[in-house]
Amino acid sequence: MGSLSPVHWMIVFVVLVLLFGAKRLPDTAKAVGQSLRILKRETGKLGDEDDAPAARARTAPASPDVEERLRALEEENARLRAAADGARRDEPEVR
């Protein structure tokens, strides 16, 4: 008595088709699937948020290579800005 037989499932399917129509059933199934994926993703994030402070505490500081690369990028950015400012000064004013 606990499980439904294939005949019962066919009756449920026919009732759903009659209630919602054949065109709306795929859209409804897609929406339910998307909702379940979102729910699964969000509930997974809840557990990650609890572990996040411990993970942040274990994170190592930036390596010298990263700091070196960052400094080089900042220098290049300053050089490019200076070149752009110089090019703007060399342009004649249009009135």
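The chain is numbered in sequence order, starting from 1. No hydrogens, no waters, no symmetry mates; every other heavy atom, side chains included, goes into these values.
Glu76 meets the salt bridge (Lys or Arg N to Asp or Glu O under 4.0 Å) test with no other residue; sequence neighbours excluded. Applying the salt bridge (Lys or Arg N to Asp or Glu O under 4.0 Å) test to Asp85 and every residue at least two apart in sequence or in another chain returns Arg88. With sequence neighbours excluded, the residues that form a side-chain hydrogen bond (donor to acceptor under 3.5 Å, both in side chains) with Ser5 are His8.
Taking CG from Leu4 and CD1 from Ile11, the interatomic distance works out to 10.0 Å, rounded to the nearest 0.5 Å. Here the NZ-CD distance, from Lys30 to Gln34, works out to 5.5 Å after rounding to the nearest 0.5 Å.
Under the 4.5 Å side-chain heavy-atom criterion for grouping Ile, Leu, Val, Met, Phe, Trp and Tyr, Ile38 is not connected to Leu36 through any hydrophobic cluster. Taken together through direct or relayed side-chain contacts under 4.5 Å among Ile, Leu, Val, Met, Phe, Trp and Tyr, Leu25 and Leu19 form part of one hydrophobic cluster. Leu16 is not connected to Met10 by any chain of hydrophobic side-chain contacts under 4.5 Å among Ile, Leu, Val, Met, Phe, Trp and Tyr, and they are in different clusters.
A heavy-atom distance below 4.5 Å is not found between the side chains of Asp65 and Arg69.
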Exercise for the section: Decide side chain to side chain contact (heavy atoms under 4.5 Å, CB included) for Val14 and Leu18; before the verdict, give the C-alpha distance in whole Å, the side-chain angles of both, and the deciding distance to 0.1 Å. Expected result: CA-CA 6 Å; Val14 169; Leu18 290 175; 4.1 Å; yes
Exercise for the section: Begin with the C-alpha distance, continue with both residues' side-chain angles, and end with the deciding distance and a verdict on salt bridge (Lys or Arg N to Asp or Glu O under 4.0 Å) for Glu74 and Arg71. Expected result: CA-CA 5 Å; Glu74 288 173 349; Arg71 188 173 56 253; over 6 Å; no
